[in-house]
2 protein chains.
Amino acid sequence: MYIESGLNFVKAMPSAVMGQPVGLGSLFTRLPAEHLCAGKILFMEGDVAKSLFEIVEGSLRLYRILGDGRRVITGFLHAGDILGISFNSHYVYTAEAITPVTIRRLSKKAFEAELADSADIRPLVFQQMSDEMVQAQDQMVLLSTKNAEERLCTFLLKELQRALKNGAVQPIVQLPMTRLDIADYLGLTIETVSRTVTKLCSKGVTAVSGRHSVKILKRAMLAHLAGDGDECEEIQRTVPAQAGRLRH
Amino acid sequence: MYIESGLNFVKAMPSAVMGQPVGLGSLFTRLPAEHLCAGKILFMEGDVAKSLFEIVEGSLRLYRILGDGRRVITGFLHAGDILGISFNSHYVYTAEAITPVTIRRLSKKAFEAELADSADIRPLVFQQMSDEMVQAQDQMVLLSTKNAEERLCTFLLKELQRALKNGAVQPIVQLPMTRLDIADYLGLTIETVSRTVTKLCSKGVTAVSGRHSVKILKRAMLAHLAGDGDECEEIQRTVPAQAGRLRH
DNA sequence: CGCCCCCTTGATGAGATTCAACTCCAGTGG
DNA sequence: CCACTGGAGTTGAATCTCATCAAGGGGGCG
């Protein structure tokens, strides 16, 4: 039941039906906006962590580069998300603009002062971090057990849920990132992503229009192919122990 | 550079050379010990999260069960680790004893009261959560890019570092969990784990004695096979952008 | 218009899973 | 004391999914 998409963030306005943000986004309201061009790096893995950011507009990818040059994308961020909450001295991943991006920047010092002073925001921060952890575990489940089709369907479904939550009426998903980004996020190759998209379209589950837009034609089918089943609950509560086995 | 092993915990005594715990473990010092037999479940995914736990003795596995019965182990916990810090109302994974386990239990209510009252422990909690997040991302990297040998070597190396940190003099790793546990943790099958262990032994990198003990004969070789390279840094700082591609 | 990058599609191969048989060991009970 | 049993682990052979290598399409932007 975790319908947020991407890692390392929560919505800035968890319950703001309209108007003022009521969540962590409130920390940023008075701050000036900054702009980044597509492809620009906001911060790099290893940099001293001096700031937190609210994404006002646009999308970013978060990734780590391995010694041999492989890249792992740990999440995508979109408008309303908050980025950089951490109590490590250095960033552990790189944040890079996918599209032109508008952000607001809050110094870590100011954030920590706020955290010490204002008891109100602490629960929000804890909640944010807990949510990120749940996201991370969902991604671990995806990476350790799901096949290519399940991975892509899970991804599309999550993006669809985000779109609908943000007020979309059409079941259309915008994918600002490239196929390579998706591949590096899902632990696949670009070719496999491409083939799997093609397969979903030929099954009538989805239809692409242009490179960065996918229409979901059969949502129930997509959810089924995503493989989460009921994700536990009833069945498991009656048969707790053994488990394990059963293919990967 | 993250030498802790397992997810969802930090050492209870990060800098306690001897004697009193100085970290989050201090929250538990006055609490009575409880015991669990091997195989007993401490709490289940979906249960209302009422408590936090300190592991005094023994080992646990944390896992989620998927709709189709597949199991994903998200981490192992050992003596000194702390478990259950979350701000979700329900546990998102199951915790089960691998060996006989001794724990101390702190009610979530008491914990949150402490958190509100005592400014001293808040940084420790934030740090714990940040560390867990780093662990989770390391695991994502492992699952999305590493092959069977790299996964197993990474796992053994981490366990070795934990053993040495805890005062072990011999380079011997105790593995209380079964091969199936390891497989479900590394996203492999039990057969692949078994074959890979055999291969490492025949290479002279390791030697097994019994089912639950592995001696590391060539640590440098093990680290090399773990595949983390230098895990970024120098090279990456000079060639930031493009990346991607380069096998999985 | 033409170039470049992104994406798609095809052919092939490697690594992991699957299925199956067998070994080893611990615990049980005769 | 030893045979029996069942769970855990190992090993082998066949299969399959996805990565890799290679070539070709197509859209956007100069």
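In what follows, chains carry the letters A, B, and so on, assigned in the order in which the sequence lines appear, proteins first and then strands, with residues in each chain numbered from 1.
Nearest nucleotide to the Glu191(A) side chain, out of dC21(D), dT8(C), dG9(D): dC21(D). The side chain of Ile190(B) has dG9(D) as its nearest neighbour among dT8(C), dT20(D), dG9(D). When each of dA13(D), dT8(C), dC7(C) is scored by its nearest atom to the side-chain atoms of Thr198(A), the top-ranked nucleotide is dT8(C).
Spacing between atom CG of Leu186(A) and atom P of dA19(D) amounts to 11 Å, rounded to whole angstrom units. Atoms CG (Asn147(A)) and C1' (dT17(C)) sit 13 Å apart, rounded to a whole Å. Here the C1' atom of nucleotide dT17(C) and the CG atom of Leu180(B) are 14 Å apart, to the nearest Å. Look at CE on Met177(A): it is 15 Å from C1' on dC6(C), rounded to the nearest Å. Counting to the nearest Å, the C1' atom of dT9(C) and the CG atom of Leu200(A) are 16 Å from each other. Between His212(B) atom NE2 and dC25(C) atom P there is a gap of 13 Å when expressed in whole angstrom units. At whole-Å resolution of the value, NZ in Lys146(A) and P in dC18(D) are 14 Å apart. As rounded to whole Å, 13 Å separates atom P of dA8(D) from atom CD1 of Ile182(B).
No side-chain heavy atom of His78(A) sits under 4.5 Å from any side-chain heavy atom of Gln174(A). Contact check for Thr94(A) versus Ile65(A): no side-chain heavy atoms found under the 4.5 Å cut-off. A heavy-atom distance below 4.5 Å is found between the side chains of Asp131(B) and Asn88(A).
A residue-by-residue look at Val193(A) and Ala148(B) shows that Val193(A) has its nearest nucleotide of DNA chain C further toward the 5' end.
For His212(B), the NE2 atom sits in a packed shell: over 12 heavy atoms of surrounding residues, nucleotides or ligands are nearer than 6.0 Å.
Residue contacts for Thr192(B): at a heavy-atom cut-off of 4.0 Å it reaches a base atom on one of the strands shown.
Within the structure, every side-chain polar atom (N or O) of Thr189(A) is placed at least 4.0 Å from both OP1 and OP2 of dC18(D).
One donor-acceptor pair, N or O on each side, does fall under 3.5 Å between the base of dG10(C) and the side chain of Arg195(A).
Below 30°, between 30° and 60°, or above 60°: for Phe53(A) and Phe43(A) the angle between ring planes is below 30°, a parallel geometry.
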Quick one: which protein N/O atoms are closer than 3.5 Å to N/O atoms of nucleotides 26-30 of chain D? Pair and distance per line, please.
unit_1, atom_1, unit_2, atom_2, d
dG26(D), N2, Arg211(A), NH2, 3.4

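The side chain to side chain donor-acceptor pair (under 3.5 Å) with Thr102(A) is formed by just one residue from the set Glu54(A), Glu57(A), His35(A); it is His35(A). For the side-chain contact (heavy atoms from CB on, under 4.5 Å) with Leu200(B), the lone residue among Leu217(B), Leu152(B), Val208(B), Val214(B) that qualifies is Leu152(B).
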